[in-house]
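Data block below; observations after.
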There are 2 protein chains.
Amino acid sequence: MLVTPLDRHLAVLLVRAPEGSIERWTLPWGVPQASDGTLEGTAVRVARGALPSTPAWLEQAGAFADGRRHPGEVDLSVGFVGAVPVGTLSSPGEDAAWFPVSELQPLAPRQRAIVSAAAEGLRVRLDYAPVAFRLLPPAFTLSDLQRVYEILLGHRLHKASFRRALHGAALVEPTDEWRSEGRGRPAQLFRQAVKRRRPRRRTVRFDLLP
Amino acid sequence: MLVTPLDRHLAVLLVRAPEGSIERWTLPWGVPQASDGTLEGTAVRVARGALPSTPAWLEQAGAFADGRRHPGEVDLSVGFVGAVPVGTLSSPGEDAAWFPVSELQPLAPRQRAIVSAAAEGLRVRLDYAPVAFRLLPPAFTLSDLQRVYEILLGHRLHKASFRRALHGAALVEPTDEWRSEGRGRPAQLFRQAVKRRRPRRRTVRFDLLP
DNA sequence: TCGATTTAGTACCCAGTGGATACTAAAGTC
DNA sequence: GACTTTAGTATCCACTGGGTACTAAATCGA
């Protein structure tokens with residue numbers, strides 16, 4: 001499942017299903033080949049078939065094999081989530097399209113399950129992997145980054161706190177470029193910082209438990 | 001992969017490999033059967049073959065299919081992590097044994113990869129699923145619970161903060177039982193509370209990013 | 001030209017949290 | 001009965017999250 005930020009929502013790339021299918025759209029998918037090497041290799045190959053470039057981030061979302069139907073009639077599917085930087089594929093052409101994850105086209109049942117699991121996996125991985133950064137180009141404004149986090153978390157964030165935490169973790173460094181986008185004050189562009197402060201010890205979080 | 005807390009470490013259940021295998025031990029594993037229904041059904045069946053009861057918690061850790069060798073010569077393995085409450089299987093018998101996850105017996109390469117991914121997955125899920133509670137019996141002391149969290153996180157926690165956060169989230173409720181274990185003051189037994197306070201909004205955590 | 005509007009970015013305040021130290025409480029050990 | 005061990009609490013402090021309010025720099029429109 002390839003995702004990108006689109007218009008304050010998370011969008012999923014669907015491709016047109018072949019003639020005769022029940023559903024009109026499907027997730028991009030494919031069967032492993034010997035030349036793929038690993039499962040991730042297969043996922044990269046499938047993704048490159050639908051994109052002008054390789055996803056900026058890719059991770060497995062799980063295996064799915066309950067009785068639910070899959071368009072290829074395969075027994076077992078291994079789902080992946082891939083992050084596509086905003087604007088990478090703005091005109092997907094005739095045979096593909098981005099759909100907001102909340103208003104997807106009808107999908108085969110197993111693909112629907114993959115989308116749910118992958119979207120949930122994205123949120124869980126937010127804290128442990130630079131997913132949000134991979135959904136943006138190398139240089140971005142802090143408002144861009146905050147918007148991505150808001151899309152992924154599903155609610156608004158506080159601007160000052162967001163920046164304080166960001167700078168506190170030394171995760172971004174300013175470039176000397178500025179971007180003026182329509183009206184409003186131009187924003188400074190930042191890039192992800194390579195310097196690493198040693199990660200803080202994980203603490204316990206009881207508030208997220210069901 | 002079945003895990004349980006054992007002596008301040010996380011332990012993994014291994015079973016003796018059949019005669020003629022390269023390694024002497026393997027993870028419990030099995031091939032899906034039609035009667036299993038789902039992948040999780042298969043995992044439950046496999047777990048029950050090695051345990052006196054069903055694991056208290058079970059979740060998929062991912063699919064593994066790179067070239068690495070697996071004892072059953074299967075193309076693809078789907079790994080699961082299962083939590084076994086402490087003391088459930090204290091004497092596994094001749095053909096099985098608990099090993100600390102840090103000092104495992106030699107395993108087939110793919111199983112080694114499954115153990116690594118599953119252990120990492122456990123830590124990630126700690127915040128979102130009641131894993132720690134499922135590694136304990138229904139009634140437990142707060143020191144027990146803290147010890148499990150320390151085992152899973154890999155470092156000591158602060159007692160007062162741990163309890164403040166725990167009570168703040170209303171996650172446990174006291175029973176009227178006390179447990180006296182050797183010396184020291186007896187500890188009150190608690191159980192997981194069913195009442196739910198609405199979960200707080202997820203905030204951003206930059207400090208865990210690589 | 002001069003507001004009004006929009007977006008970027010900062011300053012300040014306050015409540016709540018994480019974590020350290022230090023304490024009391026209740027059991028067993030010698 | 002003093003000492004040790006484990007349970008559990010109190011107090012203090014630094015820092016964080018998040019609210020309000022402010023300044024800065026751009027466009028739009030009358």
Side-chain angles (χ1 to χ4, degrees), chain A residues 5 7-8 86 126-127 136 139-150 153-191 197-209, chain B residues 7-8 126-127 136 139-150 153-191 197-209:
Chain A
D7 184 37
R8 301 232 174 224
V86 57
L126 241 197
D127 293 336
L136 291 171
F140 48 84
T141 72
L142 298 188
S143 296
D144 287 342
L145 186 62
Q146 182 174 346
R147 202 167 301 118
V148 170
Y149 269 100
E150 289 174 346
L153 291 176
H155 60 84
R156 300 299 307 270
L157 294 171
H158 189 261
K159 183 163 60 164
S161 298
F162 182 81
R163 290 168 186 229
R164 195 192 321 142
L166 195 57
H167 291 134
L171 269 177
V172 294
E173 56 191 18
T175 69
D176 46 6
E177 289 179 277
W178 296 73
R179 177 192 296 159
S180 186
E181 192 123 22
R183 49 195 193 187
R185 169 176 170 177
Q188 189 167 15
L189 290 177
F190 288 76
R191 70 170 75 91
R197 319 202 330 166
R198 64 175 168 73
R200 290 207 318 187
R201 289 194 149 176
R202 276 213 37 195
T203 177
V204 196
R205 311 208 54 185
F206 295 119
D207 49 352
L208 299 172
L209 286 179
Chain B
D7 183 37
R8 303 235 175 220
L126 241 197
D127 293 335
L136 291 170
F140 48 84
T141 72
L142 299 188
S143 297
D144 287 342
L145 185 62
Q146 180 174 345
R147 202 167 301 118
V148 170
Y149 269 99
E150 289 174 347
L153 291 176
H155 60 86
R156 300 299 307 270
L157 294 172
H158 190 261
K159 182 164 63 166
S161 298
F162 182 82
R163 290 168 187 228
R164 195 189 323 141
L166 194 58
H167 291 134
L171 270 178
V172 293
E173 56 190 20
T175 69
D176 46 6
E177 288 179 277
W178 297 72
R179 176 193 297 161
S180 186
E181 192 122 24
R183 47 198 198 184
R185 170 177 171 176
Q188 190 166 16
L189 290 177
F190 288 76
R191 68 170 76 92
R197 319 199 333 165
R198 65 174 167 74
R200 290 208 317 187
R201 288 193 150 177
R202 276 217 34 196
T203 176
V204 196
R205 311 207 55 185
F206 295 118
D207 51 352
L208 298 174
L209 284 179

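Every chain is numbered from 1, with letters handed out A, B, ... down the list of sequences.
Out of dG9(C), dG19(D), dA27(C), the shortest distance to the side chain of Pro186(B) is found at dA27(C). In this structure, of dA27(C), dG9(C), dA20(C), it is dG9(C) that holds the atom nearest to the side chain of Leu142(A). Taking the side chain of Thr203(B) as heavy atoms from C-beta on, and the options dG18(D), dG19(C), dA10(D), the nearest nucleotide is dG18(D). Nearest nucleotide to the Ala187(A) side chain, out of dG8(D), dA8(C), dT10(C): dA8(C). Out of dT20(D), dT7(C), dT10(C), the shortest distance to the side chain of Arg185(A) is found at dT7(C).
Map Asp144(B) and Ser161(A) each onto its nearest nucleotide of DNA chain D; the residue landing nearer the 5' end is Asp144(B). Comparing Arg147(B) and Arg164(B) against DNA chain D, the residue whose closest nucleotide sits nearer the 5' end is Arg147(B).
Here the P atom of nucleotide dA26(D) and the CH2 atom of Trp178(A) are 9 Å apart, to the nearest Å. Rounded to an integer number of Å, the gap from CZ of Phe206(B) to C1' of dC15(D) is 17 Å. Between Gln188(B) atom CD and dA27(C) atom P there is a gap of 13 Å when expressed in whole angstrom units. Going from atom CD of Glu150(B) over to atom C1' of dG19(C) covers 14 Å, rounded to whole Å. Following rounding to the nearest Å, Phe140(A) (CZ) and dA8(C) (C1') show an atom-to-atom distance of 16 Å. What separates NE2 of His158(B) from P of dC13(D) is a distance of 15 Å, to the nearest Å. Atom pair Arg205(B):CZ and dG17(D):C1' shows a separation of 13 Å (rounding to whole Å applied). Straight-line distance from the NZ atom of Lys159(A) to the C1' atom of dC12(C): 15 Å, rounded to whole Å.
Neither OP1 nor OP2 of dT7(C) sits under 4.0 Å from any side-chain N or O of Ser143(A). The phosphate of dG9(C) has OP1 or OP2 within less than 4.0 Å of a side-chain N or O from Arg163(A).
Residues Val204(A) and Gln146(B) form no side-chain contact, since every pair of their non-hydrogen atoms from C-beta on lies 4.5 Å or further apart.
Looking at every heavy atom in both residues, Thr141(B) comes nearest to Arg179(B) through CG2-NH1, 3.8 Å. Here the shortest heavy-atom pairing between Ser143(A) and Arg163(A) reads OG-NH2, 3.5 Å.
Using cut-offs of 30° and 60° for the angle between ring planes, the His167(A) and Phe190(A) rings count as tilted.
Side-chain atoms of Gln188(B) come within 3.5 Å of backbone atoms of Thr175(B) as a donor-acceptor pair (strictly under, hydrogens ignored).
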